[in-house]
Amino acid sequence: EADRPLLDRLGCLARMRIFGRDMQNSMGAKQGDRIFNVDVDAVITGELDPLFDRDDEFTILQGYATTNPCPFNGSLWMLRAGERHDVSEDFSLEQYHERKVPFHAIPDDQGWLHYKFPDAKAYTPADGAYCFKKKTWPGGNELPKGARIVAFPGRDPAMFLHLDWVRDNWRC
C-alpha cells in the first residue's frame with residue numbers, strides 16, 4: 001500500500017524498492033547475489049548467462065536514448081544484493097527534486113539510478129543487449145547477430161509479431 005503513489009505514476013519509480021533490505025529479504029536474496037531486472041517488454045533471443053557473469057556493483061542498459069539525455073535505459077539492469085540500500089532509502093519524489101536530479105519528461109527510475117551510479121557499467125550491443133530501432137540498432141528489422149535480449153522501450157512487442165524472431169521468442 002505504501003508503494004501505491006509510486007505505482008500510480010509513470011516512470012517506474014517503484015523499482016527503487018529492489019535495492020531495499022526488506023525487498024531483498026522477501027526475495028530470499030543473500031549478500032552478493034545478483035538481482036536481474038528485466039522489463040516485460042523485452043524479448044529474450046539468446047543465452048543470458050554472459051549477462052549475469054559479471055561482478056559489477058551495478059550494470060544497466062546504456063547508450064540507446066534518442067531524446068532523453070540520460071544515458072540509462074531501465075529495461076535491463078543488474079545489482080548485487082546486500083549493497084547500496086541507499087538507492088531506495090534515499091529515494092522519494094521530494095529528494096528527486098531537492099537534489100535536482102535531471103529528467104527528460106518526467107522523474108523516472110533511470111534518472112535516479114544515473115544520479116546514484118554515475119559511473120555504472122553498461123550493457124551494450126557488445127554484450128548482445130539491444131533496444132529495437134533505437135540509436136545502436138544496426139538497421140532493418142532483422143535480429144542482430146549475437147543478440148541475447150532486445151528491449152522495446154515504450155512499445156509492445158506484440159506490434160512486431162510479423163517478425164519471425166519476435167514471434168518465435170516473445171512470451172506474452
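Distance alone, capped at 3.5 Å, places no donor-acceptor pair between the Thr59 side chain and the Asp56 backbone. Proximity of a side-chain donor or acceptor of Gln24 to a complementary backbone N or O of Gly82 within less than 3.5 Å is detected. Formation of a donor-acceptor pair under 3.5 Å by the Ser88 side chain with backbone atoms of Gly20 is found in this model. For the pair Asp39 (side chain) and Asp41 (backbone), a donor-acceptor distance under 3.5 Å is absent. Looking at Asp33, its side chain never comes within 3.5 Å of a backbone N or O of Ala29 through a donor-acceptor pair. When atom types are taken as modelled, the side chain of Arg148 and the backbone of Ala129 share no donor-acceptor pair closer than 3.5 angstrom.
Here Arg21 contributes atom CZ and His85 contributes atom NE2; the two are 4.0 Å apart, rounded to the nearest 0.5 Å. To the nearest 0.5 Å, the span separating NE2 on His97 from NZ on Lys100 amounts to 11.0 Å. Rounding to the nearest 0.5 Å places CG of Leu61 at 8.5 Å from CD1 of Ile149. Lys134 NZ to Tyr64 OH: the interatomic distance, rounded to the nearest 0.5 Å, is 12.5 Å. To the nearest 0.5 angstrom, Lys121 atom NZ is 13.0 Å from Phe58 atom CZ.
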* To do: Go through Leu143 and Val150 one step at a time and tell me if the side-chain contact (heavy atoms from CB on, under 4.5 Å) criterion holds.
  => CA-CA 9 Å; Leu143 182 66; Val150 178; 3.7 Å; yes
* Would you check, one step at a time, whether the test side-chain contact (heavy atoms from CB on, under 4.5 Å) holds for Asn37 with Ile18? => CA-CA 9 Å; Asn37 178 78; Ile18 293 173; 3.6 Å; yes
* To do: Give the intermediate values and the outcome of side-chain contact (heavy atoms from CB on, under 4.5 Å) for residues Met16 and Val87.
  => CA-CA 7 Å; Met16 298 305 97; Val87 174; 4.1 Å; yes
* Are Asn73 and Gln62 close enough, and set up right, to give a side-chain contact (heavy atoms from CB on, under 4.5 Å), and what steps lead you there? -> CA-CA 6 Å; Asn73 181 288; Gln62 294 186 44; over 6 Å; no
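Taking a 6.0 Å sphere around CD of Glu89, one finds it holds more than 12 heavy atoms contributed by other residues, nucleotides or ligands.
Considering every non-hydrogen atom in both Trp170 and Ala42, the closest pair reads CD1-O, 3.8 Å. The two atoms that bring Ala81 and Ile35 nearest to each other are CB-CD1, 3.9 Å, heavy atoms only. Across all their heavy atoms, Thr136 and Pro125 have their closest contact at OG1-CG, 3.6 Å.
Under the 4.5 Å side-chain criterion, counting only non-hydrogen atoms from C-beta, Glu142 is not in contact with Leu163. Using a 4.5 Å cut-off on side-chain heavy atoms (C-beta onward), Leu51 and Met78 make no contact. At a threshold of 4.5 Å between non-hydrogen side-chain atoms, the residues Arg54 and Tyr123 count as touching. No side-chain heavy atom of Thr45 sits less than 4.5 Å from a side-chain heavy atom of Tyr130. Inter-residue side-chain proximity for Pro157 and Phe132 is flagged as unmet; no heavy-atom pair is nearer than 4.5 Å. Two residues are said to be in side-chain contact when any heavy atoms from C-beta on lie closer than 4.5 Å; Cys131 and Trp137 fail this criterion.
With hydrophobic clusters built from ILVMFWY side chains whose heavy atoms lie under 4.5 angstrom apart, Ile44 shares a cluster with Phe52. One hydrophobic cluster, built from ILVMFWY side chains closer than 4.5 Å, holds both Leu79 and Met27. Connection of Met23 to Phe117 is established within a shared hydrophobic cluster, with ILVMFWY side chains joined at heavy-atom distances below 4.5 Å, either directly or through further cluster members. The hydrophobic cluster containing Leu48 does not contain Trp165, counting ILVMFWY residues as joined when their side-chain heavy atoms lie under 4.5 angstrom apart, directly or transitively.
By the 30° and 60° cut-offs, the orientation of the rings of Phe152 relative to Phe160 is tilted. Taking the six-membered ring where the residue is Trp, Trp112 and Phe91 present perpendicular rings, their angle passing 60° and hence far from 30°.
Aromatic rings of Phe19 and Trp77 (six-membered ring for Trp) have centroids within the 6.0 Å cut-off, being under it.
Ionic pairing of Asp55 and Arg34 is not present here: no N-O contact between side-chain nitrogen and carboxylate oxygen is shorter than 4.0 angstrom. Looking at Lys116 and Asp90, a side-chain N of the basic residue comes within less than 4.0 Å of a carboxylate O on the acidic one, giving a salt bridge.
One side chain, Asn141 or Lys133, offers a donor N or O that lies under 3.5 Å from an acceptor on the other.
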